[in-house]
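Chain identifiers are assigned alphabetically (A, B, ...) following the order of the sequence lines, protein sequences preceding nucleic acid strands; residue numbering begins at 1 within each chain.
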There are 2 protein chains.
Amino acid sequence: MARRRGKGSLLSLAIRPTGEGPLSRQLYAAIRAAILEARLGAGDRMPASRVLAADLGVSRNTALAAIDQLVSEGYLETRRGSGCYVARDLPDARPAHAPARNGSAAPAAPRLSRRGSGLAATPRSAGSSRARWYPCFTPGVPDHSDFPFALWARLLARAWRHPSRDLVQGGDPAGHPDLRKAVADYLRQARGVRCEAEQILILSGIRQAIDLTCRLLLDPGDSVWLENPCHTGVRAAIAAAAVKITDVPVDDEGLVVARGIAKAPKARLACVAPSHQYPLGVVLSLQRRLQLLAWAREAKAWILEDDYDSEFRYQGRPLATLQSLDSEGRVIYVGSLSKVLFPSLRVAYLVAPPALVDAFRRARAAIDEYPPMTPQPALAAFFAEGHLAAHVRRQRKRYAERQARLLDLAGRHLAGKLELAADPAGLHLVARPVGPLAKIADTELTRRLDAAGLVAPALSRYYVGPRRQSGLMLGYAAVPDALVEPALQRMAEALAT
Amino acid sequence: MARRRGKGSLLSLAIRPTGEGPLSRQLYAAIRAAILEARLGAGDRMPASRVLAADLGVSRNTALAAIDQLVSEGYLETRRGSGCYVARDLPDARPAHAPARNGSAAPAAPRLSRRGSGLAATPRSAGSSRARWYPCFTPGVPDHSDFPFALWARLLARAWRHPSRDLVQGGDPAGHPDLRKAVADYLRQARGVRCEAEQILILSGIRQAIDLTCRLLLDPGDSVWLENPCHTGVRAAIAAAAVKITDVPVDDEGLVVARGIAKAPKARLACVAPSHQYPLGVVLSLQRRLQLLAWAREAKAWILEDDYDSEFRYQGRPLATLQSLDSEGRVIYVGSLSKVLFPSLRVAYLVAPPALVDAFRRARAAIDEYPPMTPQPALAAFFAEGHLAAHVRRQRKRYAERQARLLDLAGRHLAGKLELAADPAGLHLVARPVGPLAKIADTELTRRLDAAGLVAPALSRYYVGPRRQSGLMLGYAAVPDALVEPALQRMAEALAT
């Protein structure tokens with residue numbers, strides 16, 4: 001009797017009336033903890049439920065519910081006619097500590113794998129969202145104020161109000177057939193890409209395209225040509241695929257193909273943004289395009305063509321894509337809707353050469369099954385009903401005006417400090433420090449502007465190695481017109497030496 | 001003059017009036033092809049636009065548009081006062097063939113990487129969609145006929161009609177904060193998972209969870225314990241991460257931990273589905289749970305707990321999760337909404353131990369930036385407004401009834417052929433061949449049923465190695481009530497020997 005009472009008291013200690021959840025759950029947790037911490041020994045007899053209930057001042061149903069759960073989980077066992085016991089067959093090796101908040105006792109720095117350490121070293125900014133929508137002058141942010149969200153909401157609702165079984169129950173690893181057809185039509189018309197719907201893979205972004213391409217076509221340690229400077233997200237995704245990066249310089253004709261050949265003739269992949277290189281904004285010249293294709297043909301290497309910013313060209317017509325010049329099926333063409341529509345959509349596409357279509361589908365299925373269906377039917381309608389083309393036209397006009405306005409106002413307010421040159425494409429300009437500022441590191445200028453509440457990443461940060469150009473990246477696409485002049489005045493003050 | 005005329009004729013050959021696109025585009029393509037194929041040599045003088053137009057019977061504007069484009073792309077160059085020439089600086093190494101449909105000349109089997117060959121060898125069924133919604137008796141297919149799609153469409157439209165800048169312009173690598181909070185609340189209440197919203201990562205599915213976990217915590221060649229038999233998709237995703245699989249048998253208490261320890265004591269990860277093992281449906285016993293946790297603690301290994309089918313338990317209460325027993329932060333808990341809501345949603349979640357939260361966030365950002373935002377705010381509302389809990393209750397009731405009905409009807413129609421035992425959980429039953437059928441390979445039975453238009457995968461297919469149980473997987477969740485009896489009659493006929 002004393003023993004039973006003792007146990008009742010023991011249990012009661014752990015049940016706080018202020019605890020979380022129903023009383024039976026608290027009682028269950030308290031008894032479980034006592035067993036796991038060996039305060040109740042294997043084979044110990046439990047008090048009868050009515051005794052337990054009386055001791056603890058809870059209803060008998062509450063006690064029974066807790067005991068039932070413990071029995072069903074194997075902590076307690078009932079023997080016919082003789083009551084309830086702590087299970088005998090629990091292993092000795094119970095958790096050393098009482099179960100606490102998962103991981104509260106975990107070591108501060110758990111051991112990651114070597115490749116995992118690389119992944120975990122990805123700079124936070126690459127994925128952090130804070131800086132992304134700060135208006136003046138975060139690069140790479142499109143203007144969404146014109147996006148027809150009311151229409152978009154209607155298309156979403158229309159697609160999902162009475163969805164077909166096909167739409168609900170599964171998906172093709174390459175994406176929704178209607179969307180793939182719409183993307184193929186768009187790419188043929190707008191970009192001269194030679195493709196059929198079967199070659200299209202719907203992906204979550206350029207990073208997933210890089211990840212899939214590198215894993216399918218390259219082994220760990222194989223070399224990839226990467227533009228230097230380049231987008232930090234592209235670099236992170238390539239590094240995550242455990243391949244070796246060969247940095248190839250970019251001049252005013254784009255990637256210096258001859259340097260790539262000199263440094264890594266046997267590279268397996270060249271990753272380029274020929275339409276509008278990020279961050280420099282240069283266009284890969286026709287000569288270099290042909291040179292790159294010739295190298296890939298001879299080296300049996302692949303080219304990942306990131307058709308970055310191709311939609312936003314304000315003067316002249318865009319150059320033909322590498323993909324459309326490729327007669328050997330060595331170009332993997334990728335593009336994203338992040339800028340054209342809005343970033344959080346997370347929809348991109350890859351055009352696989354016909355001989356790789358099946359391999360890409362299978363690889364995608366192994367790694368990520370198939371793309372989320374929620375936006376796909378609505379997007380297919382958005383393309384097919386002409387809303388995409390109309391939106392791109394509106395945006396192109398707006399961005400061209402914003403660039404002209406920025407150039408005009410910068411000429412007035414930043415003369416003698418920063419020089420901006422027009423760019424026939426893209427969503428940002430590179431400002432070059434002149435006069436006394438030319439002697440100051442661009443990272444220091446970025447720091448001064450940051451202190452004044454302005455965002456203008458240093459161009460040198462996109463480089464690897466000692467030879468870096470100096471500049472400030474000014475994204476203008478999403479900056480409301482009324483903010484530009486005050487922001488530039490503030491910038492001039494912050495940079496006054 | 002003769003030369004100019006000759007060229008005009010040459011060009012005209014390639015311009016077919018039935019060709020695609022506007023005439024200027026066709027003219028552009030024809031001249032470009034002539035240059036790339038060296039039919040027009042570097043430095044050759046081009047005919048004047050009006051001559052070209054007259055020769056070809058097109059308007060002068062058409063000819064000018066084509067020439068302008070070729071000049072802007074660098075194929076042609078203009079010299080002041082002396083007309084237009086084929087560019088001199090094109091490299092000799094032009095594509096060997098005329099640009100054709102991208103890749104039409106590609107080798108039939110391009111060289112993949114070693115790891116890529118593994119990815120591309122993923123069985124098509126793993127990602128193919130055809131079989132997924134075939135009603136009788138594809139396993140793993142939930143019933144969506146009850147899902148409140150009208151409500152879902154409203155929630156989507158509500159979320160996107162006037163979205164905030166935050167929702168549109170970016171995202172947290174771990175997912176939308178409201179959804180993470182809703183998932184954490186749900187997991188604490190429904191599954192006793194010890195977690196805060198900060199530990200939740202929204203992912204596209206179990207495969208992405210496996211991919212991320214393996215790449216973050218394991219290096220190529222490290223060992224992973226995998227249940228044998230197991231889900232083919234889980235196996236594909238683990239294999240894709242270039243780790244070494246140690247197959248560990250499953251008995252009626254679940255994963256035989258002692259065998260895992262004997263085969264690969266230094267494994268870095270154990271991948272288990274303790275709530276309802278797929279395909280066998282067994283529950284990992286408490287003793288084994290504690291044993292597994294003790295091993296992980298001592299080996300400093302990780303446990304990936306796939307809480308498969310935990311929502312669909314019809315008798316007794318579910319066992320506490322491994323995660324809730326884990327005092328050391330060694331359990332990575334994953335679950336999916338594919339069955340609970342509907343598969344094409346492609347939303348899953350991972351609960352990271354606190355010490356790994358930052359590493360998981362960064363790795364996700366490197367590989368895949370952040371999860372697509374379209375469904376996330378609507379899902380957060382679906383959880384928070386109680387629709388999830390209500391839907392799970394309805395489904396649980398329906399599935400329990402369907403299992404009872406299948407057992408009843410199978411007892412009548414399949415007696416002496418297949419034996420079905422009740423399963424307190426899940427969306428499928430394993431039918432065991434008896435009598436004369438017990439001597440026939442289950443794969444042969446599957447083949448016979450397939451010929452009769454019925455789907456019932458062979459249990460042995462989920463195994464690796466010689467020791468395999470024989471059985472047929474019967475998914476019952478999505479089979480309309482009226483179809484069950486005719487399907488079972490058909491099955492009996494198809495299996496009649």
>> If we ignore hydrogens and angles and just use 3.5 Å, is the side chain of R346(B) paired with the main-chain N or O of M373(A) as donor and acceptor?
In response: no

> If you count heavy-atom pairs under 4.5 Å between each of A29(B), G192(B), S145(B), A359(B) and chain A, which one has the most?
Replying inline: A359(B)

> Among A153(A), A240(A), A378(A), who wins on heavy-atom pairs under 4.5 Å with chain B?
Replying inline: A153(A)

>> Does any backbone or side-chain atom of Y28(B) lie under 4.5 Å from a heavy atom of chain A? Answer side chain, backbone, both or neither.
In response: side chain

> Any idea which of A363(B), A159(B), G118(B) has the most non-hydrogen atom pairs under 4.5 angstrom with chain A?
Replying inline: A363(B)

>> Counting only non-hydrogen atoms closer than 4.5 Å, does P371(A) touch chain B with its backbone (N, CA, C, O), its side chain (CB onward), both, or neither?
In response: backbone

>> Looking only at heavy atoms and a cut-off of under 4.5 Å, which of S338(B), G205(B), A237(B), P163(B) has the most pairs with chain A?
In response: P163(B)

> Counting N and O atoms only, with roles assigned by atom type, does the side chain of S113(B) sit under 3.5 Å from a partner on the main chain of R215(A), one being a donor and the other an acceptor?
Replying inline: yes

> Which answer fits A241(A), side chain, backbone, both or neither, if we ask what part of it has an atom under 4.5 Å from a heavy atom of chain B?
Replying inline: both

>> Before we go on, tell me: are the rings of W160(A) and F342(B) under 6.0 Å apart, centre to centre?
In response: yes

>> Would the distance check show the side chain of T374(B) and the main-chain N or O of P375(A) forming a donor-acceptor pair, the cut-off being under 3.5 Å?
In response: no

> Hey, are the side chains of L212(B) and L119(A) touching, using non-hydrogen atoms and a 4.5 Å cut-off?
Replying inline: no

>> Given heavy-atom pairs under 4.5 angstrom as the criterion, report whether the side chain, backbone, both or neither of Q208(B) touches chain A.
In response: both

>> Any salt bridge linking R207(A) with D368(B)? Criterion: basic side-chain nitrogen under 4.0 Å from a carboxylate oxygen.
In response: no

> Hey, does the side chain of Q169(B) reach the backbone of P142(A) with a donor-acceptor pair shorter than 3.5 angstrom?
Replying inline: yes

>> For A120(B), is there any backbone N or O sitting under 3.5 Å from a side-chain donor or acceptor partner on R361(A)?
In response: no

> Given side chains that start at C-beta, do those of V168(B) and F147(A) come closer than 4.5 Å, heavy atoms only?
Replying inline: no

> Do R154(A) and R161(B) come close enough that some side-chain heavy atom pair is under 4.5 Å?
Replying inline: no

>> Run the side-chain contact (heavy atoms from CB on, under 4.5 Å) test against A239(B) and tell me which residues pass, sequence neighbours left out.
In response: I245(B)

>> Run R32(A) and L325(B) through side chain to side chain contact (heavy atoms under 4.5 Å, CB included) and show every step you take.
In response: CA-CA 10 Å; R32(A) 193 179 77 159; L325(B) 291 173; 3.6 Å; yes

>> Let's test your reading of the structure: which of G74(B), A157(B), A242(B) forms the most heavy-atom pairs below 4.5 Å with chain A?
In response: A157(B)

> Would you say the side chain of P343(A) lies within less than 4.5 Å of the side chain of Y370(B), judging by non-hydrogen atoms?
Replying inline: yes

> Heavy-atom distance under 4.5 Å to chain B: side chain of D211(A), backbone, both or neither?
Replying inline: side chain

> Nearest 0.5 Å, what's the CG-CG distance between D219(A) and L112(B)?
Replying inline: 10.0 Å

> Would a distance-only check, ignoring hydrogens and angles, find a side-chain to backbone donor-acceptor pair under 3.5 Å from R362(B) to S117(A)?
Replying inline: no

> Of all residues at least two apart in sequence or in a different chain, which pass the side-chain contact (heavy atoms from CB on, under 4.5 Å) check with R268(A)?
Replying inline: L218(A), D222(A), W302(A), R111(B)

> Is there a donor-acceptor pair under 3.5 Å between the side chain of S344(B) and the backbone N or O of G171(A)?
Replying inline: no

> Which region of S285(A), side chain (C-beta onward) or backbone (N, CA, C, O), has a non-hydrogen atom less than 4.5 Å from a non-hydrogen atom of chain B, or is it both or neither?
Replying inline: neither

